[in-house]
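See below for the structure under consideration.
So that the names make sense, note that chain A is the first sequence line, chain B the second, and so on, each numbered from 1.
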Amino acid sequence: MTWTQVVIQLRARERGCHLITSEVVHHLNLNSLRVGLVHLFLQHTSAALTLNENCDVDVRRDMEMHLNTLVPEDAPYTHTMEGKDDMPAHIKSSLLGVSLTIPIRQGKLALGTWQGIWLCEARNHGGRRTILATIQGE
Amino acid sequence: MTWTQVVIQLRARERGCHLITSEVVHHLNLNSLRVGLVHLFLQHTSAALTLNENCDVDVRRDMEMHLNTLVPEDAPYTHTMEGKDDMPAHIKSSLLGVSLTIPIRQGKLALGTWQGIWLCEARNHGGRRTILATIQGE
Amino acid sequence: MTWTQVVIQLRARERGCHLITSEVVHHLNLNSLRVGLVHLFLQHTSAALTLNENCDVDVRRDMEMHLNTLVPEDAPYTHTMEGKDDMPAHIKSSLLGVSLTIPIRQGKLALGTWQGIWLCEARNHGGRRTILATIQGE
């Protein structure tokens, strides 16, 4: 049984949903683990991590469009000091969540055929984002 | 400390929310674990796992109804090649999530009195679904 | 590698979003753990746990307001025996989720600067709530 922790710094991305599977996997050393779990923890409150389709970019665009419909900028929010995109970003972050737990099987993430890791950037200018990855297994 | 991994094949179910607690528990051997965690990971992007009420089927029907209100089929999606139910299914999957972590206590899942495991099938014809269960504990 | 489990009884709170980070941390003894994970599991189906902004109470008020917009009480629910707030509470619980996994780093929760633990009480009179915390690490 081993534990490791890795800080993954993601470059700034524009608002919307982004496929980051390969960037995340690049930072994880899973080869020696027969079975285990990877926990990815985004240390922010205005972006989110989710698992979804890894192939068609239209899925990511449609998701961003519908998130904006579900959580519009023009609702009567009180928390508006940091811009109209700020409070909606907090709500989207909680709806999607900021952490993922993914099983490890035979040295690899056991993702389904169509599953990829998405960063959903909900701010117009969110800047760099940090994921703390915790890996346990044997 | 032990790790085990089990593949759980769920039979095809109709669109909607389904209580699958007993079917899932049937595949887990938790008797020998005093404390631990079960991680359930649905390897799909158009269905979801969630915890909710385990008694009244109306709760599951109302959930399905309201998910269809939150994520309607007639929104202006671009990703429509696989049918009108496809893009909404992807969105519902991310809103609810595809993985659950449930504590083990004295050889059993430590669910609350009213908590059950739900599969939310978001496609009209989703087919069989696969859960990879990872169990750790001592 | 050690495992511990702690039952955290939260006092009854009014409907809305509440910052409970310090109350939760008070019950966890993480000092001796260099690396690990804390799993918080709310054993209920009409409230939720989420991570969000830990500073401005307006964020919590705006979240409660928008959750009520997303899941209104006057929709045509069938499950209404326990009051108009009951079925919306079940839906909010699944949208936000009832469990959190938070990394431990050098004896502390590795939360981001602005991240706090929220209890989202979705019932008008939800009463006391129970969290089962499972801590593992080394």
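Applying the side chain to side chain donor-acceptor pair (under 3.5 Å) definition to pairs two or more places apart or across chains, those involving residues 21-33 of chain B are B:R13-B:E23.
Note: B:T45 leads B:L42, B:L96, B:T45 in heavy-atom pairs under 4.5 Å with chain A. With respect to chain A, the highest number of heavy-atom pairs below 4.5 Å among B:H44, B:Q43, B:M1 belongs to B:Q43. When A:V57, A:V59, A:N54 are compared by the number of non-hydrogen pairs under 4.5 Å with chain B, A:V59 comes out ahead.
Annotation: B:Q9, atom CD; neighbour count of heavy atoms from other residues, nucleotides and ligands within 6.0 Å is above 12.
For residues 105-115 of chain A, heavy-atom neighbours of chain B at less than 4.5 Å comprise A:R105, A:A110, A:L111, A:G112, A:W114, A:Q115, sorted by residue number. Residues of residues 70-86 of chain B having a heavy atom under 4.5 Å from any heavy atom of chain A, listed by number: B:L70, B:V71, B:P72, B:P76, B:Y77, B:T78, B:H79.
For A:I104, the part lying under 4.5 angstrom from a heavy atom of chain B is the backbone only. At a 4.5 Å heavy-atom cutoff, the contact between A:D56 and chain B is made by side-chain atoms alone.
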Solution key, residues 131-138 of chain B side-chain donor-acceptor pairs under 3.5 Å, sequence neighbours excluded:
from: B:T134; atom 1: OG1; to: B:Q5; atom 2: NE2; distance (Å): 3.0
from: B:E138; atom 1: OE2; to: B:R34; atom 2: NH2; distance (Å): 2.8

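Note that CG of A:L95 and OG of B:S94 are 11.0 Å apart. Values are rounded to the nearest 0.5 Å. A distance of 9.5 Å separates OG in B:S46 from CD in A:E53, rounded to the nearest 0.5 Å. We find the CD1-CG distance between B:I91 and A:D62 to be 6.5 Å, quoted to the nearest 0.5 Å.
You'll find the side chain of A:L51 reaches within 4.5 Å of the side chain of B:F41, heavy atoms only.
Proximity of a side-chain donor or acceptor of B:H90 to a complementary backbone N or O of A:M63 within less than 3.5 Å is not detected.
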